[in-house]
Every structure is written in C-alpha cells, then in structure tokens.
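Scroll down for the structure; my scribbles are underneath it.
Protein chains get the first letters and strands the later ones, always in sequence-line order, with residue 1 at the start of each.
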There are 2 protein chains.
Amino acid sequence: MELDERKTKILQAIIKNYLETGEPVGSRTISKYTDLNLSSATIRNEMADLEELGFIIQPHTSAGRIPSDKGYRFYVDAMMLEHEKEVEQLKDVLLEKEEKLDHMLKQAAKLMAVNTNYATMVTAPRSSRNVLKFLQLSRMDASHILAVIVIEGNVIKNTVIEVAESLNDETMLKLNILLNTHLNGLSVEEINLGLITALKQQAGMYGPIIEEVIDAVAETIKEDEDLEIYTSGANNIFKYPELSDNQKASDLINAFEEKQLLTQLIDDTNTEGKNEIKVYIGEESPIQTMKDCSIVTANYEFGDGMRGMIGIIGPKRMDYDKVVGTIKTIKSQLDTMYKKDED
Amino acid sequence: MELDERKTKILQAIIKNYLETGEPVGSRTISKYTDLNLSSATIRNEMADLEELGFIIQPHTSAGRIPSDKGYRFYVDAMMLEHEKEVEQLKDVLLEKEEKLDHMLKQAAKLMAVNTNYATMVTAPRSSRNVLKFLQLSRMDASHILAVIVIEGNVIKNTVIEVAESLNDETMLKLNILLNTHLNGLSVEEINLGLITALKQQAGMYGPIIEEVIDAVAETIKEDEDLEIYTSGANNIFKYPELSDNQKASDLINAFEEKQLLTQLIDDTNTEGKNEIKVYIGEESPIQTMKDCSIVTANYEFGDGMRGMIGIIGPKRMDYDKVVGTIKTIKSQLDTMYKKDED
DNA sequence: ATTAGCACTCGACTTAAATGAGTGCTAACG
DNA sequence: CGTTAGCACTCATTTAAGTCGAGTGCTAAT
C-alpha cells in the first residue's frame with residue numbers, strides 16, 4: 001500500500017487538527033474539511049489504511065485517531081521542506097548592543113518561550129579550541145595578586161592569589177613577561193609538566209606563584225567546558241494537559257532545573273556536523289524523561305569557533321511550523337550577533 | 001477565653017498530626033494520644049473552643065480540623081523558642097575549599113533541597129558599600145584593551161574596549177596611573193561629572209577610552225545590584241498534593257524560574273536588621289503567588305559587609321523543626337566560610 | 001468537668017445507567 | 001470500482017443515585 005495524494009492530505013488534516021485541539025480526531029471532523037469532499041465513511045476507510053501504515057493510532061476502540069511518532073515525523077519532514085524557502089524575521093530586535101552575553105542569552109531563551117508558549121533553552125557558546133590568549137598579573141593590594149586569564153574566544157577569568165609578602169613593580173613586570181612569552185597561544189595540552197618546571201625554575205623564589213597561576217589557567221579552560229545553560233518558560237508545560245500529570249511534570253521541571261540532563265541534547269546536536277535544525281519526536285529524544293515531548297534544536301555560531309545551542313521543548317503536538325520559524329530567527333540573530341558585539 | 005495548658009497541648013497535637021498526614025485531623029485521633037487521657041467528646045469541646053479562638057479551621061462541616069495560619073504561627077513561635085538552645089551540625093562538610101563561589105552557593109541550595117524535600121533558594125552575597133578598589137588596563141592585542149575592575153568585596157569585572165589604533169606601553173602606564181590615583185576608593189556616587197570631565201581633559205586624545213572605562217565601572221557596580229539567585233528542588237513541590245494542582249504549580253515553578261519574584265523576599269529579609277531566622281506562613285508571605293506556602297529565610301554574612309540570603313519554601317504543613325535546623329546549619333556554614341575561603 | 005450516645009452532615013467513593021463520539025462492516029448506488 | 005448511507009457495536013466520559021464513614025454538635029447521664 002502506498003501513501004497517495006489523498007491519503008497524504010487526510011493525514012495532514014488529521015495531524016493539523018490534533019495539533020490544535022489535543023483531542024483524538026474522528027472521521028466526521030475530517031469529512032467536513034472543505035477541500036476534499038468525501039463522506040465520513042470514505043475517510044474511515046482511508047484512516048484504517050493510514051493506521052495500518054503506522055501513521056496514526058487509535059487510543060482505544062471507539063476513539064478517533066491521533067498521530068503516531070511516525071506520523072509526526074512525516075508531517076515535520078514535509079514542513080521542513082516547505083520552510084527551506086523562507087526565513088522570516090521576528091519583528092523586534094533581540095536586544096540592545098550593550099547587554100552582556102549572559103543577559104543576552106537569557107533574553108533569547110525568554111523571547112522564544114514567550115513567543116511559542118513552550119519551554120526553551122539556550123546554551124552559552126563554547127569554544128572548541130581552548131588556547132590561552134593573554135595573561136596578566138597585577139598587584140591588588142599588599143597581600144593579593146590578581147591574575148586575569150583570557151582564552152580564545154574572549155572568555156575571561158579572574159583569580160585572586162594570596163601572597164605572603166608584597167612584590168615590587170619590577171618583579172611583577174618580570175613575571176608578566178615570563179608568563180606571556182612562554183604561554184601565549186598554547187592550548188592546555190601543550191602546557192605540560194616540563195614547561196611548568198622550566199618556568200618555575202626561571203621564576204626562582206616566585207615559583208609558587210607561577211604554579212598558582214597555571215592552576216588557574218587550567219581551571220579556567222576546564223571550567224569553560226561545563227557550560228552554562230539558560231532556560232525559560234518551564235512552566236509552560238502546564239498549558240498542555242498531556243504533560244502536566246504529576247510525575248511527568250515533576251520530571252520535566254527537574255530536568256530544567258538541574259540542567260545536567262539537558263547536556264545530552266547538546267552532545268547530540270553538536271556531533272551532527274551540519275548546521276541544521278533537528279527535530280526529535282517522542283521516543284527519538286535522547287533524554288528519557290522527555291519521551292512524551294518533542295524537541296527542536298539548532299546550533300548557532302558565535303565566531304572564533306564558538307558554538308552554542310538553542311532548543312525548544314514542548315508536547316508532541318507542538319506547533320512545529322511556528323517553532324521552527326522561531327528557532328530559525330533566533331539562530332540567525334545569534335549567528336550575526338558577534339560581528340556587532342564583541343564582549 | 002484563654003489558651004490554657006490543655007488547649008495548648010491539644011492544639012500542638014492537632015498541628016503535629018496534620019503536618020505528618022496532610023489530612024484534617026479529627027477528635028478521635030487526638031483522644032488516642034497517650035499523654036492526655038481524654039475522650040473524643042472532650043476533645044471536640046476543646047476543638048470548638050480552639051476554632052472559636054481562630055487557631056484551627058474546619059474545611060467543611062463534617063471534617064476534622066486543620067491549622068489556620070494563626071495556628072501555624074503559634075506552633076512556630078513555640079518551636080523557635082525551643083530551638084534557641086541547640087544548634088545542631090549537619091554531618092557532612094558543605095564542600096571542599098577550592099570550589100568557586102557560585103558552585104558553592106548552588107551546592108548549598110541543593111544540599112538544603114535534598115535534606116528537606118522542599119524548594120530552596122540561595123542568593124549570592126551582595127556588598128552594601130560599592131566602592132572601587134582597583135582598576136587595571138592592559139593591552140590585549142593591537143585593537144583591544146582589557147579593563148579589569150575590582151570593587152569592594154572582590155567582585156571583579158572585565159570589559160574589552162575596542163580602540164582604533166594600538167597604544168604604546170607608556171600611554172597604557174599613564175592611563176593606569178591616572179585612573180587609579182583618581183578613582184580608587186570612590187563610590188559610584190562620588191564619581192561625578194566634574195571628576196569625569198577633569199579626567200578626560202588630562203587624558204587628552206585618550207578621553208574616549210577613559211569614558212568607556214568609567215561607563216564600565218558604573219555598569220559593574222550597578223550590575224552587582226541585580227543579584228544572582230540559585231534555586232534547587234523546585235520539583236519537590238509535586239510531593240505535596242496541596243501545591244501541585246496545575247495553577248499553583250505553574251505559578252510556583254514560574255517564580256522559581258524567573259527569580260525576579262524572589263527578590264521581594266530578599267528585600268524583606270534584609271530590611272530586618274536583626275540576624276535572625278524569619279518564618280512567613282501563608283498570607284504573611286510577601287510574595288502573592290506563595291500564599292499557600294510557608295517560607296523560612298535567614299541572612300548570612302560573608303565578611304566585608306557582604307550579605308546574602310538563604311530560604312526554604314514548602315507547604316504550610318512543612319516540617320518547621322527540620323527546616324529551621326537546616327537553615328541554621330547552612331547559615332552558620334556560610335557565615336564561617338569567608339574566613340577560610342577568599343575568592 | 002467529663003463522657004457516652006445519637007442524630008446529623010457532607011465529602012469521598014462505588015455503582016449503574018445514559019450519552020455520544022467514533023468505528024467497522026455491509027449493501028446499495030452511480 | 002470507488003463512494004456512500006446505514007446500522008450495530010464499542011467504550012471513554014458524564015451523570016445520578018446510593019452507600020460509607022469520618023467527624024461533628026448537642027444532650028443527658030455520670
């Protein structure tokens with residue numbers, strides 16, 4: 001049996017209707033659709049076929065049909081094709097230029113949540129190549145030195161180092177030159193024990209300071225790895241009865257609060273080399289607790305090899321059309337952002 | 001009518017029982033309490049009195065009684081008195097020394113959530129006096145200058161400033177000296193327009209850089225004001241049926257995600273000059289959406305006039321005893337923390 | 001002052017029946 | 001042959017009625 005023209009139309013009508021109402025849709029409802037003038041009986045026959053083909057499901061004997069994961073998949077694929085043509089623009093500017101990165105991302109998450117009425121997430125961009133760009137020690141007061149560490153992609157980290165006795169300007173200068181000449185442009189792998197020992201030797205009595213600085217460098221680069229995730233609109237799930245029974249809601253909220261779980265999504269999105277939008281439907285989700293949801297994700301690029309992820313999570317009957325549109329808009333905004341705003 | 005010895009005992013028995021079960025408690029249940037040998041009929045009479053006094057409520061004619069807000073208040077006040085004596089210690093160390101502040105606070109929130117099974121929050125410590133402590137410009141690369149700003153309490157902020165042409169070392173040194181000699185130790189109010197104009201004049205052609213730096217300083221100090229809040233265990237609310245109906249749960253989750261709302265709590269806790277634990281019961285809460293909850297909060301001090309807040313939010317029938325204990329423990333941990341760990 | 005007893009209330013639960021949306025199948029129709 | 005009208009059947013949901021029982025208030029006896 002094949003999916004002919006008419007079956008396709010009926011299938012899409014069923015899904016569309018279900019997306020709107022969240023209720024199983026029956027043959028009579030479809031037969032009333034204007035553009036195909038068929039009686040409910042005919043529709044019933046077709047529906048039986050569609051069920052056999054696995055696109056729709058009957059929750060129980062005397063109920064209408066709802067889309068199966070396969071049905072959603074079909075619908076989404078068709079829609080994505082449609083979408084290739086247009087990239088609409090969200091009306092309002094994402095934000096003013098002077099805002100800081102984290103505010104901006106938080107804002108982006110919120111914007112998506114408000115626009116779609118689903119739960120959303122945005123991860124901070126993460127650099128793929130972690131090399132030290134710049135390093136600076138300065139005297140803060142008699143017993144504290146401030147180390148500023150800048151790694152590729154302008155991730156900046158400060159560490160305060162406590163010292164027993166005050167260092168004079170000349171020593172500070174020497175240490176700065178020593179560190180910068182030897183470490184700049186190196187990745188964390190390249191800063192090995194041999195190099196460290198050599199540096200410490202050259203620094204003489206200030207060896208311990210060098211060690212602390214290098215520790216801080218290592219930590220900064222490492223820390224950059226357990227990335228930040230901004231979420232918004234988690235409470236939107238209560239708008240969809242199929243997600244708001246106690247157990248499910250609790251699990252979902254937990255995932256959003258812990259964020260740990262969301263990282264699985266990132267890995268999955270990142271390994272996919274292509275720069276495209278991904279849609280997970282139900283069981284396709286890499287996150288177990290979200291198998292009653294659909295998830296739409298995309299990568300964005302922040303220049304300098306920095307990449308982050310945005311995602312929207314909602315019920316399987318989400319408005320895929322709108323969601324994909326929103327994701328596209330936000331993605332393109334973020335993609336072009338770093339040119340204007342370098343933080 | 002007065003609250004005599006026996007009434008007090010009965011009231012406490014009612015509340016205690018209700019805290020455990022979450023169900024209205026009837027006269028027979030109380031009469032079976034060992035230490036006061038009274039028949040259910042007697043209890044009923046007393047209960048009628050207690051209701052008239054406003055300590056307990058009958059949800060409907062033929063149901064048992066549940067505590068009113070006033071009843072809870074009575075119970076909590078009695079308990080707090082009890083608690084003055086002992087400060088128990090949570091068995092495990094809060095965390096290892098080397099963790100960073102935000103990790104630490106996140107950890108604290110989580111620890112409390114796991115311990116109590118309620119939702120929790122911890123705010124980052126905020127300095128009351130915002131004066132500039134230290135300021136440093138350094139050349140990052142040909143077209144970028146890095147400004148590091150340290151304000152009292154060791155809040156550190158970095159800003160990258162883009163410059164048209166590279167500055168030589170001497171100029172950088174001059175600017176650094178200029179800025180530090182004039183600005184160190186000043187609060188944001190003291191850095192007025194007159195001072196800024198004078199500085200710009202002295203800087204000559206580098207006036208625009210000065211301006212950017214000062215903007216960044218102002219922003220840093222301001223930013224410190226919209227403080228960060230860490231939350232944990234929001235999904236715990238699903239463990240209490242009285243909070244998990246859709247509307248309420250949605251509101252609560254929203255408050256926890258937005259965090260904006262939680263700031264009301266902070267203001268309220270802070271204005272209270274005393275360093276004590278506060279308990280809000282039901283309608284007493286400064287946050288409207290939490291009027292079905294109880295909230296327990298405390299301030300902690302992080303040295304240097306830095307203060308933050310910790311709080312636990314749960315159903316009105318929360319285990320006040322345990323909650324107050326936990327809060328006390330965490331508070332004392334945080335209070336003593338800054339001596340060991342200066343970040 | 002305390003208690004036993006009893007009538008009464010009312011939410012929660014159980015059961016049964018009615019409802020109605022929706023199906024599958026068959027036979028008739030163009 | 002595809003389409004449709006008609007009909008018997010299914011089954012979740014709604015509605016109504018009935019039962020249960022925990023709990024109360026009141027009264028009269030101890």
**Item:** Spacing of A/I56 atom CD1 relative to C/dT23 atom P, expressed in whole Å
**Value:** 9 Å
**Message:** Rounded to whole Å, how long is the line connecting atom CD1 of B/I66 with atom P of C/dG11?
**Reply:** 14 Å
**Fill in**
Hits for side chain to side chain donor-acceptor pair (under 3.5 Å) against A/R73, two or more places apart or cross-chain, chain-then-number order -> A/D77, A/E284
**Item:** Test: B/E283 and B/K291 ion pair at under 4.0 Å
**Value:** no
**Message:** Has B/N235 got a side-chain atom pairing as donor or acceptor with A/N254's backbone, closer than 3.5 angstrom?
**Reply:** no
**Asked** Considering residues at least two apart in sequence or located in another chain, which fulfil the side chain to side chain donor-acceptor pair (under 3.5 Å) criterion with A/Q12?
**Response** none
**Message:** Measuring to OP1 and OP2 of C/dT3, would you say a side-chain N or O of B/T42 lies under 4.0 angstrom away?
**Reply:** yes
Please set out all donor-acceptor pairs under 3.5 angstrom arising from side-chain atoms of residues 56-64 of chain A, sequence neighbours excluded.
{"residue": "A/Q58", "atom": "NE2", "partner": "A/T61", "partner atom": "O", "Å": "2.7"}
{"residue": "A/Q58", "atom": "NE2", "partner": "A/A63", "partner atom": "O", "Å": "3.3"}

**Asked** Looking only at side-chain N and O atoms, does A/R6 come under 4.0 Å of OP1 or OP2 in D/dT3?
**Response** yes
**Message:** Tell me whether B/K16 at atom NZ has more than 12 heavy atoms from other residues, nucleotides or ligands lying less than 6.0 Å away.
**Reply:** no
**With B/F55 via ring pair (Phe, Tyr, Trp, His ring centres under 6.0 Å) - residues at least two apart** = B/F74
Output a table of nitrogen or oxygen pairs between the protein and nucleotides 24-27 of chain C separated by less than 3.5 Å.
{"residue": "C/dG24", "atom": "OP1", "partner": "A/R65", "partner atom": "NH2", "Å": "3.2"}
{"residue": "C/dG24", "atom": "N7", "partner": "A/R44", "partner atom": "NE", "Å": "3.1"}
{"residue": "C/dG24", "atom": "O6", "partner": "A/R44", "partner atom": "NH2", "Å": "3.2"}

**Sequence-distant partners of B/D292, side chain to side chain donor-acceptor pair (under 3.5 Å), two or more places apart** = none
**Request:** Give, ordered by number, those residues of residues 10-24 of chain B having at least one heavy-atom distance below 4.0 Å to an atom of DNA chain C; if nothing qualifies, reply none.
**Result:** none
**Request:** Output every pair passing salt bridge (charged side-chain N to carboxylate O under 4.0 Å, His left out) with a member in residues 251-266 of chain B, not counting sequence neighbours, ordered by first then second residue.
**Result:** A/K110-B/E258
**Asked** What salt bridge (charged side-chain N to carboxylate O under 4.0 Å, His left out) pairs are there with at least one residue in residues 17-27 of chain B, not counting sequence neighbours?
**Response** none
**Asked** Which pair of non-hydrogen atoms, one from A/I327 and one from A/A298, has the smallest distance, and what is that distance?
**Response** CG2-CB, 3.5 Å
**Item:** Which residue lies more 5' along DNA chain D, comparing B/R28 with A/E46 via nearest heavy atoms
**Value:** A/E46
Using a cut-off of under 3.5 Å, enumerate the N/O to N/O pairs linking the protein to nucleotides 12-19 of chain C.
none

**Complete:** Atom CD of A/E52 and atom C1' of C/dT23 are separated, to the nearest Å, by 16 Å
**Side-chain donor or acceptor of B/T42 paired with backbone N/O of B/L38 under 3.5 Å** = no
Short N/O separations, protein against nucleotides 11-14 of chain D, under 3.5 angstrom:
{"residue": "D/dC11", "atom": "OP1", "partner": "A/T61", "partner atom": "OG1", "Å": "2.8"}
{"residue": "D/dC11", "atom": "O4'", "partner": "A/S62", "partner atom": "OG", "Å": "2.9"}
{"residue": "D/dC11", "atom": "O2", "partner": "A/S62", "partner atom": "OG", "Å": "3.3"}

**Request:** Find the distance A/D49:CG to C/dT23:P and express it as a whole number of Å.
**Result:** 14 Å
**Message:** Going by the rule side chain to side chain donor-acceptor pair (under 3.5 Å), which residues pair with B/K316 if we only count those two or more places apart in sequence or in a different chain?
**Reply:** B/D69
